[in-house]
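Have a look at the structure below before the remarks.
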Amino acid sequence: MSEELCRKLGFQFSDSKLLKIALTHRSSDDENNERLEFLGDSIVNFIIAEALYQQFPRAQEGDLSRWRASLINRDALGNLARSFDLGRYLYLGPGELKSGGGDRQSILSCAMEAIIGAIYLDSGFAVARECVLKWYQPLLQSISLAANHKDPKTQLQEYLQGIRLPLPLYTVESVEGESHQQTFVVSCSVEGVEQKALGKGTSRRRAEQTAAEIMLGMMKK
């Protein structure tokens, strides 16, 4: 069983006892994975923080924190554990076995962190980092794609900041139609640009996005 899991993880333990402890829930034994979980939590936090810092050199602290939280929360770690079918290999007490603990997100996520801690103790930080980055590569790629598809208002704001101009001003010029089917007309004006950009939309936000897109196109010509 342990050999099978090691193949899935892409890592072979030198000390098989570390893997057994990482898979042992506190309901099963006094020597359980809680201490390894504590260690693994810190390690995966740092590895993902470093990866995001390197991958997005222009991102603000708020974005980096938000992305990190989305990658190392209970659901993300639990889903990672499920990709290895980790529930099959856990050592659980009778009560947890009966209640389906091997399929519980909290137990799976903790075991995943414990495995990361165990890999670190077995083979050092560089190897643990290599494993975590390999496992997280698709998720890091998905964040990269999302970050590169920013909405027009954000793109315009960042463009103006890059050329040291004040933020744009959005003004609702008119609202047409019945309350349940309105059309908003919003203008976007930028200091130093004579012409306003007008955007229409079924909500103020959509109209602002359209106006920002038009203004960005005007400024880049």
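All values derive from a computational prediction rather than experimental measurement. When reading the values below, keep in mind they use all heavy atoms of this one structure, side chains included, and skip hydrogens, waters and symmetry mates.
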- Residues in ring pair (Phe, Tyr, Trp, His ring centres under 6.0 Å) with Phe84, at least two apart? Trp135
- Task: Output all residues satisfying salt bridge (charged side-chain N to carboxylate O under 4.0 Å, His left out) with Glu208, sequence neighbours left out; order by chain, then residue number.
- Result: Lys153, Arg204
- Message: Apply the hydrophobic cluster definition, ILVMFWY joined by side-chain contacts under 4.5 Å directly or through others, and give me every member besides Met219.
- Response: Leu156, Tyr159, Leu160, Ile163, Leu165, Tyr170, Val172, Val175, Phe184, Val186, Val190, Val193, Ile214, Met215, Leu216, Met218
- Task: List in chain and number order the residues that pass side-chain contact (heavy atoms from CB on, under 4.5 Å) with Leu121, two or more places apart in sequence or in another chain; answer none if no residue qualifies.
- Result: Leu18, Leu36, Leu39
- Query: With a cutoff of under 4.5 Å between side-chain heavy atoms, which Ile, Leu, Val, Met, Phe, Trp and Tyr residues group with Leu169?
  - Reply: none
- Give the other cluster members for Leu167, using side-chain heavy-atom distances under 4.5 Å between Ile, Leu, Val, Met, Phe, Trp and Tyr residues; answer none if it is isolated. none
Using a 3.5 Å cut-off and no angle test, enumerate the donor-acceptor pairs between side-chain atoms of residues 95-110 and protein atoms at least two apart in sequence or in another chain.
| from | atom 1 | to | atom 2 | distance (Å) |
| --- | --- | --- | --- | --- |
| Glu96 | OE1 | Arg104 | NH1 | 2.7 |
| Glu96 | OE2 | Arg104 | NH1 | 3.4 |
| Ser99 | OG | Gly95 | O | 3.1 |
| Ser99 | OG | Glu96 | O | 3.3 |
| Ser99 | OG | Arg104 | NH2 | 3.2 |
| Asp103 | OD1 | Arg82 | NH1 | 2.6 |
| Gln105 | OE1 | Arg82 | NE | 2.9 |
| Gln105 | OE1 | Arg82 | NH2 | 2.9 |
| Gln105 | NE2 | Asp75 | O | 3.3 |
| Gln105 | NE2 | Asn79 | OD1 | 3.2 |
| Ser109 | OG | Gln105 | O | 3.1 |
| Ser109 | OG | Ser106 | O | 3.0 |

- Does Arg26 have any side-chain hydrogen bond (donor to acceptor under 3.5 Å, both in side chains) partners at least two apart in sequence or in another chain, and if so, which? Glu34
- side-chain hydrogen bond (donor to acceptor under 3.5 Å, both in side chains) against Glu37, all qualifying residues, sequence neighbours excluded: none
- Message: Suppose we screen for side-chain hydrogen bond (donor to acceptor under 3.5 Å, both in side chains). Which residues come up paired with Lys8, at least two apart in sequence or across chains?
- Response: Tyr89
- Message: Suppose we screen for salt bridge (charged side-chain N to carboxylate O under 4.0 Å, His left out). Which residues come up paired with Asp15, at least two apart in sequence or across chains?
- Response: none
- Item | Listed partners of Gln12 passing side-chain hydrogen bond (donor to acceptor under 3.5 Å, both in side chains), at least two apart | Glu3
